[in-house]
Amino acid sequence: MGAAWRGIRDLFRRAGIDTAELDARLFAEAAFGMDRLELVNREREEVPAKQLAALQDFADRRLKGEPVVRILGEKEFWGLGFKLNAATLVPRPETELLVERGLEVIGALDKARVLDLGTGTGCIPIALLTEYSDVTAVAIDLSAEALEMARYNANRHGVGGRLKTLRGSWFDPLEPGERFDLITSNPPYIESAEIAGLMPEVREHDPRLALDGGPDGLAAYRAIAAEAGLFLAPEGVLLLEIGSSQAAAVSDIFIGAGFTQVEVLRDLAAHDRMIVAQLNTPS
Ligand SMILES: C[S@@+](CC[C@H](N)C(=O)[O-])C[C@H]1O[C@@H](n2cnc3c(N)ncnc32)[C@H](O)[C@@H]1O
């Protein structure tokens, strides 16, 4: 086993991959179905041909520039493992800010109802549901393949019974009159023309539907602002992730749509990262 993964490590080193050793170990663990300790303990054993082929396949993909998380199909978010497919964005650590604020909102309520728009892997509502057992959530995405992952991840973390997944554009799949205490979204917010200039691991491996926010990056915010008021409970809260240069433009969109409370929050790197919006002044 040792010779096999070290051979891959050396290939990666020659290709100039900075994380050659780590990547090779992670691929060996996944291809051989072992944890780190087992890999060490079985160092001298021969690798069965099928497992060797799986390792070689991972290595070939890595050498072509595919990110490790995409190859392993798994990413940690809020301390939970999320399975990925080609239709899902890789959950990002900045988005945990949305979960933190969301927990403050639902923690103050009994039996809160949450709506997550553009759910991808389902990372936002699933993280919230694992923290409060009396909360239910609806997760919407335009991509059926993304929703498959959200369902899988919800079941895996024991919250599948409290997460409803619906396919469609933003609020379209909801019944008129449905109300939510918390609406969350990390929508696509990159300007269409900027996508070509993104890092290759994002540009070539994240789905365009998860990135493309239209010509000025704000299309999703306009669509959400136009209807959010119809589905938000009277003192409900809307939490939206934003691009770091979009705070003023997104705030204006929500103020223009009748939201009276609009606050901008920064992430740990001091970048504007989230908008908190409410229709009514809390009583
Ligand atoms: C930036 S990704 C966020 C995914 C996930 N919430 C996260 O934070 O990792 C945006 C998501 O919005 C979905 N999406 C794009 N346009 C949509 C639309 N019109 N209606 C619903 N979902 C949409 C994409 O498929 C993608 O899953």
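Here the structure is a predicted model, which means the values were calculated and not measured. Just so you know, ligand 1 is whichever comes first in the structure, and atom 1 is the first atom listed for that ligand.
- Shown in contact with Pro187 at under 4.0 Å from a heavy atom are these atoms of ligand 1, numbered in order with element: 1 (C).
- At the top of the distance list for atom 23 (C) of ligand 1, counting protein heavy atoms only, stands Trp170 CH2, 3.6 Å.
- Atom 6 (N) of ligand 1 has Gly118 O, 2.9 Å as its closest protein atom, hydrogens excluded (heavy atom only).
- The aromatic rings of Phe27 and Phe58 sit tilted relative to each other, their planes meeting at an angle between 30° and 60°.
- For atom 25 (O) of ligand 1, the closest heavy atom belonging to the protein is Asp141 OD1, 2.6 Å.
- Judged by the shortest distance from any of its heavy atoms, Thr95 lies inside the 4.0 Å radius around the atoms of ligand 1.
- Cation-pi geometry between Lys75 and Phe82 is not met: the NZ or CZ atom fails to fall both under 6.0 Å from the ring centre and inside 45° of the normal.
- Counting only distance, with no hydrogens or angles, the side chain of Asn280 and the backbone of Pro234 share a donor-acceptor pair below 3.5 Å.
- If you check the side chains of Asp116 and Thr119, you find a donor sitting under 3.5 Å from an acceptor.
- For atom 22 (N) of ligand 1, the closest non-hydrogen atom on the protein side is Leu142 N, 3.3 Å.
- Considering only non-hydrogen protein atoms, atom 5 (C) of ligand 1 sits nearest to Thr119 O, 3.3 Å.
- With a heavy-atom cut-off of 4.0 Å, Ala146 does not touch ligand 1 at all.
- Looking from atom 8 (O) of ligand 1 to the surrounding protein, the closest heavy atom is Asn186 ND2, 2.8 Å.
- Atom CD in Gln246 sits 10.5 Å away from atom CG in Asp272 (nearest 0.5 Å).
- Residues Trp5 and Glu29 bring no donor and acceptor atom of their side chains to less than 3.5 Å of each other.
- Within ligand 1, the atoms closer than 4.0 Å to a non-hydrogen atom of Gly168 are 20 (N), 21 (C), numbered from 1 in the order shown.
- Closest approach of Val135 and Ile106 over heavy atoms only: CG2-CD1, 3.9 Å.
- Protein heavy atom closest to atom 1 (C) of ligand 1, with residue, atom name and distance, is Ala210 O, 3.0 Å.
- Protein heavy atom at the shortest distance from atom 19 (N) of ligand 1 is Ser169 OG, 3.0 Å.
- At a heavy-atom cutoff of 4.0 Å, ligand 1 is contacted by both the backbone and the side chain of Leu209.
- Residues Leu142 and Leu147 do not share a hydrophobic cluster, defined by chaining ILVMFWY side chains whose heavy atoms lie under 4.5 Å apart.
- Contact annotation: for Cys123 versus ligand 1, heavy atoms closer than 4.0 Å belong to the side chain alone.
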